[in-house]
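Naming convention: chains lettered A, B, ... in sequence-line order (proteins, then strands); numbering from 1 in each chain.
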Amino acid sequence: MADAATAPSTGTAPHGSTGPAETRRDFLKLTTAAMAAVGVGAVVWPFIQSMNPSASVLALASTEVDLAPITEGQSITVMWRGKPVFVRHRTADDIKAANDVALNTLPDPQADGARVQKAEWLVMIGVCTHLGCVPLGQRPTDAKGDFGGWFCPCHGSHYDTSGRIRRGPAPRNLDVPEYTFVNDTNIRIG
Amino acid sequence: MVGLHKSEMKNPVVRWIDERLPIPSMLNQEYAKFPTPKNFNYFWNFGALAMVNLVIMIVTGIFLAMHYTPHTSYAFDSVERIMRDVNFGWLIRYIHMNGASMFFIVVFIHIFRGLYYGSYKAPRELLWILGVVILLLMMATAFMGYVLPWGQMSFWGATVITNLFSAFPIVGESIVVWLWGGFSVDNPTLNRFFSLHYLLPFLIVGVVFLHVVALHITGSNNPLGIEPKGPQDTIPFHPYYTIKDTFGLCIYLIVFAFLVFFMPNYLGHADNYIPANPLVTPAHIVPEWYFLPFYAILRAVPDKLGGVLLMFGSILVLFVLPWLDTSPVRSMKFRPLARPFFWMFAIICVVLGYAGAMPAEGIWVTVSQVGTAYYFMYFLVILPVLGKIEKPRPLPESISAPVLRGGGPIMAGAAAKPMEKA
Ligand code: HEM
Ligand code: FES
């Protein structure tokens with residue numbers, strides 16, 4: 001009450017705000033607030049960052065897969081970074097089907113050649129790019145969808161023999177992880 | 001202002017405390033004398049029920065946490081241990097599990113009460129907004145709680161819901177990795193969900209406190225949606241509404257106990273008694289029943305980002321509802337045009353819930369789309385337009401007028417006199 005009543009008489013009225021004293025005060029307030037914001041940011045950052053993957057999670061060993069026992073037409077699933085990785089030994093028909101589609105008809109256009117290192121070995125992360133379910137199609141008895149590859153039952157995404165999205169809500173093709181051929185029959189994922 | 005509070009408490013000990021820390025006075029003012037519209041119906045029980053439910057969740061939760069282990073290798077087994085070995089563990093867990101369902105039943109009724117009687121309108125906008133904040137916090141809490149037993153539905157529910165954030169362009173993927181603390185839902189995720197599941201209910205307590213403070217500034221709405229005109233329109237909260245709330249509480253506890261003792265797993269999903277397996281997705285993933293309408297909205301659009309935005313939008317639209325509904329009349333009782341649209345809205349919410357439980361194929365996609373369209377139309381088109389074109393029925397003179405069948409202001413005034421003495 002007292003402040004409000006006396007304020008006008010101490011000269012905050014019309015010209016007050018353009019006076020040099022006011023400008024300096026404004027500047028001080030602004031810089032103080034800015035410093036405080038930087039300070040808060042600096043304190044919050046470590047906490048936010050602590051929720052990101054820790055060193056031990058990042059250091060998870062890469063996985064080696066022996067391809068020799070996988071016969072043509074067979075698929076296996078291995079774990080890598082807590083996720084399933086699909087390895088499929090594709091048949092000539094699979095490869096032909098993957099190469100025969102016109103790229104401009106695909107929701108996420110990508111040539112089959114860009115998704116494999118050796119045409120008969122398709123290696124992908126087996127996580128639907130929609131909301132993360134594991135698509136069916138690894139076992140011979142599984143539903144493989146309308147394009148002979150994989151089918152995600154969660155919301156109905158169909159993937160082809162190159163793991164590319166063909167129909168359904170998934171926005172992207174199944175991701176291809178980094179991997180290298182250690183020799184002809186062994187790959188290292190990661 | 002400095003000096004002891006002038007206490008009216010009779011008991012000398014209470015009085016001594018009250019003079020120094022006037023909480024007894026405050027409780028007396030806000031929960032005993034508090035003048036409350038005299039025409040409440042039973043829909044006004046649900047706020048009190050929600051408060052009791054929150055306390056039940058916190059108490060049972062704290063005791064569950066004494067036996068629960070938040071680690072992917074032990075979580076499932078520790079919950080089974082609670083069920084089989086811990087004394088009364090089965091009871092505490094079933095109360096907590098079904099308590100979550102009861103909480104949402106109570107809160108959904110509480111919200112629809114507000115929608116029907118226009119409780120969100122001026123001057124109660126902030127009260128309403130705080131309520132929507134509570135709903136959001138409850139949803140987050142229940143979602144993370146459902147992950148803790150680490151069954152198949154826990155794991156895949158967590159995977160699908162956290163993946164929603166990947167729909168956002170550019171930052172989406174990093175947000176998801178940040179939420180997980182890894183490259184999939186895994187131990188770091190379970191750990192932080194447990195931490196947050198413990199924290200959020202206490203935040204809810206805080207927001208509930210603000211919700212109640214705001215309520216006690218504006219006073220309660222009532223079935224007629226008109227403000228009390230004076231003491232003849234109100235009665236003290238105690239004993240009139242304490243007893244009415246107690247009666248409602250008994251009914252609520254009977255329903256609750258029936259669920260806990262006779263059909264404890266009815267509202268749950270059998271797949272959650274299978275330990276989480278990151279390599280196999282269950283054939284049919286469904287969220288808990290209280291998320292189903294929102295899940296249907298998510299799946300109504302074939303576009304990933306669009307679905308996510310609509311789902312979040314379906315809650316966020318509630319925040320601005322006070323400014324969307326242009327009608328000055330609160331209660332649907334006096335809104336002949338709006339009332340059928342309201343009931344249609346209520347039915348649509350149930351239908352959306354049903355569609356959310358069905359596989360996203362064929363007819364169910366269409367049903368979800370129509371339902372979603374109506375859901376948003378109701379808030380964004382119907383309510384704004386109706387307020388302009390509808391001719392409401394005449395409002396009663398006062399709360400007392402229709403209650404005392406006086407009909408007119410003279411009768412109401414005359415009848416009000418004896419009430420004032422009471
Ligand atoms: C807003 C209040 C709360 C809601 C809506 C809620 C909801 C849930 C739900 C839905 C579950 C899964 C139950 C199941 O399927 O087994 C759960 C589990 C659990 N909650 Fe809560 N909860 C709340 C408060 C709390 C609090 C305050 C604590 C701890 C202090 C807690 C501790 C736990 C624990 C340890 C579990 C795992 C054991 C189990 O699965 O039964 N909860 N909660
Ligand atoms: S998660 Fe695969 S279609 Fe939705």
Side-chain angles (χ1 to χ4, degrees), chain A residues 1 45 47-60 62-63 75-86 107-108 125-139 142-143 150-158 165 167-172 175 177-178 189-190, chain B residues 72 152 155-167 169 172-189 191-193 195-196 276-286 295 298-308 311 359-362 364-365 368:
Chain A
M1 271 302 282
W45 180 245
F47 291 90
I48 304 277
Q49 196 53 23
S50 76
M51 289 175 69
N52 264 325
S54 63
S56 60
V57 171
L58 289 172
L60 268 191
S62 49
T63 305
S75 305
I76 63 156
T77 307
V78 293
M79 270 283 244
W80 174 67
R81 283 181 160 183
K83 289 179 179 177
V85 171
F86 292 169
D108 180 11
I125 296 181
V127 172
C128 181
T129 58
H130 182 227
L131 294 176
C133 296
V134 177
L136 299 173
Q138 286 295 88
R139 276 176 298 177
D142 280 352
W150 288 265
F151 171 68
C152 181
C154 287
H155 317 94
S157 289
H158 299 256
I165 179 66
R167 179 143 46 78
R172 281 181 295 111
D175 291 323
E178 267 179 48
I189 305 169
Chain B
T72 49
Q152 271 291 65
F155 183 89
W156 290 102
T159 299
V160 167
I161 300 297
T162 48
N163 261 309
L164 290 179
F165 292 91
S166 72
E173 295 293 337
S174 350
I175 293 182
V176 174
V177 168
W178 178 74
L179 286 174
W180 288 340
F183 301 99
S184 61
V185 172
D186 210 331
N187 200 46
T189 327
N191 264 287
R192 64 191 56 185
F193 277 19
S195 168
L196 294 175
N277 179 353
L279 293 184
V280 180
T281 310
H284 189 45
I285 306 187
V286 277
Y295 196 54
L298 167 75
R299 301 188 306 180
V301 262
D303 177 68
K304 181 169 160 182
L305 182 60
V308 172
M311 191 187 69
E361 300 158 1
W364 296 114
V365 179
S368 307

Given that the side chain runs from C-beta out, which part of [X] has a heavy atom under 4.5 Å from chain A: side chain, backbone, both or neither?
X	result
B:I285	side chain
B:W178	both
B:I175	neither

Quiz item: Does any heavy atom of chain B fall under 4.5 Å from the side chain of A:R172, the backbone, both, or neither of them?
Solution: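 Just its side chain gets close to chain B.
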
Minimal non-hydrogen separation, [X] against [Y], with atom names:
X	Y	result
A:K83	B:S184	CG-CB, 4.0 Å
B:T281	A:C154	CG2-SG, 3.6 Å
B:L279	A:P84	CD2-CB, 3.3 Å
B:A283	A:P153	O-CB, 3.9 Å

Quiz item: For chain A, which of B:S166, B:P359, B:P278 has the most heavy-atom pairs under 4.5 Å?
Solution: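 If we count pairs closer than 4.5 Å to chain A, B:P278 comes out on top.
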
Quiz item: Among B:V160, B:T159, B:T162, which has the most heavy-atom pairs under 4.5 Å with chain A?
Solution: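 The answer is B:V160.
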
Quiz item: Taking atom NE2 of A:H130 and atom CG of B:N163, what is their separation to the nearest 0.5 Å?
Solution: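 If we round to the nearest 0.5 Å, A:H130:NE2 and B:N163:CG are 9.0 Å apart.
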
Self-check item: B:V280/A:V134 under side-chain contact (heavy atoms from CB on, under 4.5 Å): CA gap, chis, key distance, verdict
Solution: CA-CA 6 Å; B:V280 180; A:V134 177; over 6 Å; no

Quiz item: Is any side-chain heavy atom of B:V177 closer than 4.5 Å to a side-chain heavy atom of A:P53?
Solution: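 Yes, at least one pair of side-chain atoms sits under 4.5 Å.
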
Quiz prompt | CD/A:Q49: more than 12 non-hydrogen atoms of other groups inside 6.0 Å | solution =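 Yes, CD of A:Q49 has more than 12 neighbouring heavy atoms, counting only those of other groups under 6.0 Å.
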
Quiz item: Top residue by heavy-atom pair count (under 4.5 Å) with chain B, among A:L136, A:V57, A:T77?
Solution: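 Heavy-atom pair counts peak at A:V57.
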
Quiz item: Looking at A:G132, A:P169, A:S50, which makes the most heavy-atom pairs under 4.5 Å with chain B?
Solution: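 Highest number of pairs under 4.5 Å: A:G132.
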
